[in-house]
Amino acid sequence: MVSTLDGAAQHDGRSQPISGATDMRIFGTLRGLADVVVVGAETVRQEGYRPARAREAFAARREAAGQGPAPAVAVVSASLDLDFSLPLFTSPLVPTLLLTGAAAAPDRVAAAEQAGARVVIAGEGMTVDPARAVRALAGLGHTRLLTEGGPRLLGQFVAAGVLDELCLTVSPLLTAGDAQRIAGGPSVAVPGRFELVSLLEEEGFLFSRYRRR
Ligand SMILES: NC(=O)c1ccc[n+]([C@@H]2O[C@H](COP(=O)([O-])OP(=O)(O)OC[C@H]3O[C@@H](n4cnc5c(N)ncnc54)[C@H](OP(=O)(O)O)[C@@H]3O)[C@@H](O)[C@H]2O)c1
């Protein structure tokens, strides 16, 4: 996740204006290591998500770890109100996953599957239970999960206690306004404690990695 100095997780509805070249390099590296990229449907819609690419620099490492050429993207959605004609669904290197609830609209499930996506039920009713999503992905052999947000999805992963690590870029910008923070939704009863594992700096950007204690 990337945040400005005053805690904004987006500007003009996107994260790109508050990111930078090195942040994007770290973003790509984290993808290069992951089995699956878990992302909320609103981020997919607003950021125009495309399938993850296979990258030469990670090819040997991924093969040795028994991973596919690129991480699968797992979109979390209750409505399944997504454009299934996009390359994310029709032409990924590895099939895109859709995490949804058991009561998801059957016609939207059919449309997703017809486009080539794999629908994974991870909750009762319409919504996905984060702990069940983690278990369902593990059941498919995916244990290195990279959650790319957005804030509404990340907040639920935090509240459910399934976030082990946070890679946070702090960009040297102030935006004011009413942008979301990196994690939203209801607050947790007791704040979760994380420890700093690494901290890098470049051109005023701080690149941190925290691990749950
Ligand atoms: N700073 C950063 O690092 C960063 C990272 C990512 C995104 N962003 C920014 O964050 C904004 C979007 O984030 P957001 O928080 O509004 O949305 P989001 O978390 O990306 O997506 C929210 C949507 O995800 C689905 N969803 C979330 N929790 C669910 C659950 N438990 N069960 C089923 N579906 C669930 C729902 O989709 P349906 O509506 O389809 O049901 C919901 O509307 C954009 O502006 C983006 O640029 C910033």
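Just follow the structure's listing: the first ligand is 1, and inside any ligand the first atom is 1. We use all heavy atoms of the structure for the numbers below, so side chains are in, but hydrogens, waters and symmetry mates are not. Throughout, residue positions are numbered sequentially from 1 according to the sequence presented.
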Residue portion contacting ligand 1 (non-hydrogen atoms closer than 4.0 Å) for E148: backbone

Using a cut-off of 6.0 Å, state whether more than 12 heavy atoms not belonging to [X] lie near its atom [atom1].
X    : atom1 : answer
F27  : CZ    : yes
R45  : CZ    : yes
E201 : CD    : yes

Is the shortest side-chain N to carboxylate O distance from [X] to [Y] below 4.0 Å?
X    : Y    : value
R31  : E148 : yes
E165 : R212 : no
E124 : R132 : yes

As an exercise, identify every atom of ligand 1 less than 4.0 angstrom from a heavy atom of [X].
X    : result
L153 : 19 (O), 28 (N)
M1   : 2 (C), 3 (O), 4 (C), 5 (C)
A9   : 1 (N), 2 (C), 4 (C), 48 (C)
Q10  : 10 (O), 11 (C), 44 (C), 45 (O)
T43  : 6 (C), 7 (C), 12 (C), 13 (O), 18 (P), 20 (O)
V2   : 1 (N), 2 (C), 3 (O)
G13  : 44 (C), 45 (O), 46 (C), 47 (O)
S79  : 38 (P), 39 (O), 40 (O), 41 (O)

R152, any N or O under 3.5 Å of ligand 1 N or O: yes

Nearest-option assignment for atom 39 (O) of ligand 1, heavy atoms, candidates R45, R108, E42, Q156: R45

Identity of the nearest option to atom 29 (C) of ligand 1, non-hydrogen atoms only, from V76, D129, L80, T4: V76

Check: T96 side chain, L88 main-chain N or O, donor-acceptor pair, under 3.5 Å: yes

N/O donor-acceptor pair under 3.5 Å between T90 side chain and L86 backbone: yes

So which protein heavy atom does [atom] come closest to, and at what separation?
atom                    : result
atom 32 (N) of ligand 1 : V128 N, 2.7 Å
atom 34 (N) of ligand 1 : A78 N, 3.2 Å
atom 24 (O) of ligand 1 : A41 N, 3.2 Å
atom 46 (C) of ligand 1 : E47 OE2, 3.3 Å
atom 13 (O) of ligand 1 : P151 CD, 3.3 Å

Check: T100 and V119 side chains under 4.5 Å, non-hydrogen atoms: yes

V38: which of L97, L146, L153 passes side-chain contact (heavy atoms from CB on, under 4.5 Å): L153

Residues T22, E202; criterion side-chain hydrogen bond (donor to acceptor under 3.5 Å, both in side chains); working and verdict: CA-CA 8 Å; T22 305; E202 189 181 78; 2.3 Å; yes

